[in-house]
Novice: 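So that we are looking at the same thing, I have put the structure below in structure tokens.
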Amino acid sequence: MPDLLHAGASAPMREHLERAETARGRLRERRGDRWYPRFHIAAPAGWINDPNGLSYYRGRYQVYFQHNPFAAEHDSMHWGHVSSSDLVTWRHDPIALAPSTEEDRDGVYSGSAVVSDDGELVVFFTGNRWCNGADDADGNLQVQCMAVSRDGIAFEKRGVVVDRPEGIAHFRDPKVWRTDGVWHMILGVCSADDRGEVWLYTSRDMRDWEFDRVLFRDPDPAAFMLECPDLFPLPTSEGDKWVLLYCPMGTKPSGYLARNGHNAGYVVGDWAPGRDFEQLTDYLPLDWGGQYYAPQTFEAPDGRRIAFAWMGSFTAPLASEEDGWSGQLTVPRVLSLGDDLRLRSRPVEELAGLRTESLELGSFELAAEEDRVLLERVDAAEVELELDLAASAAERVGLAVNKTPGGHETLVAYDDLARRVILDRRRAGHGDRGYRSAPCSGDRLTLRVLVDRASVEVFVNDGAEAITSFAFPAEGPRSIELYAESGSARVTRLAVHRIVSIWEGER
Ligand code: FRU
């Protein structure tokens, strides 16, 4: 009943939404589920990338996302939508925004949401047009647009609010918030001299926006565009500091850093309305994994700063394309700042509510070359592993997840030679194989590992570092094993949990 679903949408967009919904319905019928996530947000079918419009509105967490409902590839961007009252039980909502005007004819691109004083959900997004009408080969024309909703489901577009300055290509991804009664919008920009910048605009009424300043210019001359910027305060013992997240395009791999086609990171600084951003730290990745991009945050009603990111890739081949879907979001993570001005990211506490059949396996010595089966026939699980490294001799100790009868597996391990945690997909089964690695320090190590049907998220030392990658298992039942190489390991705690589905009606 697509016409009923979109009854509240403005008439010109309704037709586009109905067409999108019908096409997605057809794609959904042939979706393959061997890798379709159990506890990560994905579209019912088709492609997704960035999380958009994150907000808490009308008693529900609202998560929109870049979405192509016609195919499992990046094209014709819409805003898809899911919502939840508790961050763990999610409902698929109708597609929220479709290209329907001249300004957004080639894509309703990324953006954000705020709640206005009169109770409307106001979203800002980039209207995208290709100069040549077909693709980005000859550049783009990008403007910032506004749309409003009274229920979070049906939107009415309100036109362009920030026009593109002459000669500027790459001008997108508005993130809006209010400080001291003034609305602020930041955007990612490629400057006239080809440098990645974040520009700031301000407004009193959300309609009329004035350019305030170039808030940030990436010191790395290779970065020509900073996608999906976000700026927000977090407390430290010396007061609030401001975290600037962004995704630099053009940076080159260097050691363990910037290994992906698309990378996301942050700097921390001081900022106040009417002031420049004073950068206090160097750029660091927010996550060391192979697929972690375009994180966006919002403030939950209880004050937590929650981030979702896109677990996907524009460049690495996605095995799930042949199953009619592509891309998913990370689990929601709470961000906090240490006094060392480093971000920590931990899964929201609510996630523990998805655990079932939990087993505490105690503390023990794992012998050198030992493999111990922890879970069998499992496609969604969480493992909590604590190690006493000072009492361990193993060169590598960790988990083989998504282990299948043909010998395929993905490894999550502490590597004592490198003194780092690795996520290695050399024998994952399908898709991109690279390995990724995060630093760790100290004599004790905790790993919290979330394994879904097509992904692995690793949290090191209570979120001090994270590693997030796709992992497409091979055919057959999947198991999880603990292993040690070339020496024994002292396990101080081990707990395993199966994880239930996040989708309403699937438990
Ligand atoms: C980042 C991005 C954004 C853009 C959107 C288009 O992944 O390229 O800059 O708004 O995706 O889908």
Side-chain angles (χ1 to χ4, degrees), residues 37 39-41 50-51 87 228 230 232 234 243 245-247 255-260 262-268 281 283-297 304-313 328-338 340-352 381-387 398-399 401 410-415 418-425 432 434-442 444-452 454-471 499:
F39 63 98
H40 289 89
I41 291 169
D50 319 350
L87 283 175
C228 301
D230 196 349
F232 51 87
L234 285 176
V243 179
L245 304 182
Y246 57 94
C247 302
Y256 291 109
L257 293 164
R259 300 301 319 180
N260 303 329
H262 291 77
N263 303 283
Y266 69 98
V267 295
V268 180
T281 67
Y283 171 88
L284 275 175
L286 190 50
D287 185 294
W288 299 81
Q291 281 81 31
Y292 182 92
Y293 198 62
Q296 185 179 97
T297 73
R304 284 179 299 174
R305 178 60 55 174
I306 297 180
F308 286 83
W310 171 42
M311 236 197 280
S313 175
Q328 52 186 310
L329 303 186
T330 61
V331 295
R333 303 177 182 180
V334 176
L335 300 185
S336 60
L337 206 52
D340 56 358
L341 301 188
R342 292 186 68 142
L343 269 183
R344 302 180 89 84
S345 61
R346 305 175 176 89
V348 293
E349 280 166 27
E350 288 89 333
L351 217 74
E382 179 178 343
V383 181
E384 300 171 277
L385 174 63
E386 296 183 12
L387 296 163
L399 303 167
V401 305
T410 289
L411 303 178
V412 177
Y414 168 69
D415 181 328
R419 298 226 86 201
R420 296 179 72 93
V421 174
I422 54 141
L423 169 49
D424 185 349
R425 300 172 303 176
D432 187 37
Y435 85 97
R436 291 291 181 270
S437 153
C440 60
S441 58
R444 294 192 172 266
L445 176 72
T446 68
L447 296 179
R448 183 168 172 196
V449 184
L450 304 178
V451 184
D452 204 344
S455 67
V456 180
E457 283 167 283
V458 183
F459 298 89
V460 180
N461 288 337
D462 197 20
E465 311 293 346
I467 319 174
T468 300
S469 293
F470 272 164
I499 300 286

Novice: Do R346 and F459 have side chains that get closer than 4.5 Å, going by heavy atoms?
Specialist: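 No, side chains not in contact.
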
Novice: Treating D462 as the side-chain partner and T446 as the backbone partner, does any N or O pair qualify as donor plus acceptor under 3.5 Å?
Specialist: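 Looks like no, no N/O pair under 3.5 Å.
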
Novice: Under 4.5 Å between any side-chain heavy atoms of C440 and N461, yes or no?
Specialist: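 The answer is yes; the side chains approach within 4.5 Å.
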
Novice: Could you tell me how the ring of Y283 sits relative to the ring of Y246: parallel (under 30°), tilted (30 to 60°) or perpendicular (over 60°)?
Specialist: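 Because their plane-to-plane angle lies in the 30° to 60° range, the rings of Y283 and Y246 count as tilted.
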
Novice: Would you give the length of the straight line joining atom CD1 of I467 to atom CG of D287, rounded to the nearest 0.5 angstrom?
Specialist: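 So the gap between those two atoms works out to 7.5 Å.
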
Novice: Considering only heavy atoms from C-beta outward, does the side chain of Q296 approach that of D50 to under 4.5 Å?
Specialist: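 No; the side chains remain at least 4.5 Å from each other.
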
Novice: Holding to salt bridge (Lys or Arg N to Asp or Glu O under 4.0 Å), I want the full list of residues that pass it with R436, two or more places apart in sequence or in another chain.
Specialist: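 Partners of R436 under the salt bridge (Lys or Arg N to Asp or Glu O under 4.0 Å) test: none.
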
Novice: Between OH of Y266 and OG of S345, what distance do you get to the nearest 0.5 Å?
Specialist: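 Answer rounded to 0.5 Å: 9.0 Å.
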
Novice: Might you work through the side-chain contact (heavy atoms from CB on, under 4.5 Å) test for L87 and R304, ending with a clear yes or no?
Specialist: CA-CA 13 Å; L87 283 175; R304 284 179 299 174; 4.0 Å; yes

Novice: Working to the nearest 0.5 angstrom, can you tell me the gap between L411 CG and L423 CG?
Specialist: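 It is 9.0 Å, given to the nearest 0.5 Å.
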
Novice: What's the separation between atom CG in D230 and atom SG in C247, rounded to the nearest 0.5 Å?
Specialist: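 That separation rounds to 10.0 Å.
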
Novice: Please walk me through it: do L284 and R342 pass side-chain contact (heavy atoms from CB on, under 4.5 Å)?
Specialist: CA-CA 8 Å; L284 275 175; R342 292 186 68 142; 3.8 Å; yes

Novice: Quick check: closest heavy atoms across G289 and N260, and the distance to 0.1 Å?
Specialist: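 Closest approach of G289 to N260, heavy atoms only: O-ND2, 2.7 Å.
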
Novice: Between T468 and R333, is any pair of side-chain heavy atoms under 4.5 Å apart?
Specialist: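 They are in side-chain contact.
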
Novice: Spell out, as yes or no, whether a donor-acceptor pair under 3.5 Å connects the side chain of R425 to the backbone of F470.
Specialist: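 Yes; at least one donor-acceptor contact below 3.5 Å.
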
Novice: Looking only at atom types and distance, does a side-chain atom of T330 sit under 3.5 Å from a main-chain N or O of A309, one as donor and one as acceptor?
Specialist: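 Confirmed, T330 side chain pairs with A309 backbone.
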
Novice: I'd like to check the side-chain hydrogen bond (donor to acceptor under 3.5 Å, both in side chains) partners of W310; sequence neighbours left out, ordered by chain and number.
Specialist: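 With sequence neighbours excluded, W310 shows a side-chain hydrogen bond (donor to acceptor under 3.5 Å, both in side chains) to no residue whatsoever.
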
Novice: Distance check, rounded to the nearest 0.5 Å: L286 atom CG versus N263 atom CG?
Specialist: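 These two atoms lie 11.5 Å from each other.
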
Novice: For Y414, give me all partners under side-chain hydrogen bond (donor to acceptor under 3.5 Å, both in side chains), at least two apart in sequence or on another chain.
Specialist: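 Counting only residues at least two positions away or on another chain, Y414 forms a side-chain hydrogen bond (donor to acceptor under 3.5 Å, both in side chains) with D416, R419.
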
Novice: Can you name the residues that form a side-chain contact (heavy atoms from CB on, under 4.5 Å) with E382, not counting sequence neighbours?
Specialist: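 Counting only residues at least two positions away or on another chain, E382 forms a side-chain contact (heavy atoms from CB on, under 4.5 Å) with R355, E384, R448, L450, H497, I499.
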
Novice: Hey, could you give me the CG/CZ distance between D452 and F39, rounded to the nearest 0.5 Å?
Specialist: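 Here the rounded value is 4.5 Å.
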
Novice: Are any non-hydrogen side-chain atoms of V383 and V451 less than 4.5 angstrom apart?
Specialist: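 No. Closest side-chain heavy atoms not under 4.5 Å.
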
Novice: If we ignore hydrogens and angles and just use 3.5 Å, is the side chain of E457 paired with the main-chain N or O of V331 as donor and acceptor?
Specialist: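 At least one qualifying donor-acceptor pair exists.
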
Novice: Using side-chain hydrogen bond (donor to acceptor under 3.5 Å, both in side chains) as the criterion, list what pairs up with D340, not counting sequence neighbours.
Specialist: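 If we apply the side-chain hydrogen bond (donor to acceptor under 3.5 Å, both in side chains) test to D340, skipping adjacent residues, there are no hits.
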
Novice: May I ask you to test the L343-L234 pair for a side-chain heavy-atom distance under 4.5 Å?
Specialist: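 Yes, at least one pair of side-chain atoms sits under 4.5 Å.
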
Novice: Please tell me if the side chains of Q291 and D432 come closer than 4.5 Å, counting only heavy atoms from C-beta onward.
Specialist: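 A side-chain contact exists here, since the closest heavy-atom pair is under 4.5 Å.
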
Novice: Would you please name every residue forming a side-chain contact (heavy atoms from CB on, under 4.5 Å) with S437, sequence neighbours left out?
Specialist: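 Applying side-chain contact (heavy atoms from CB on, under 4.5 Å) to S437 gives Y256, R420, I422, Y435.
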
Novice: Would you say the side chain of F232 lies within less than 4.5 Å of the side chain of L335, judging by non-hydrogen atoms?
Specialist: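 Side chain of L335 against side chain of F232, heavy atoms only: contact under 4.5 Å found.
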
Novice: Taking all non-hydrogen atoms of both residues into account, name the closest pair between S455 and H40 and its distance.
Specialist: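 Minimum heavy-atom contact is OG-CE1, 3.6 Å.
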
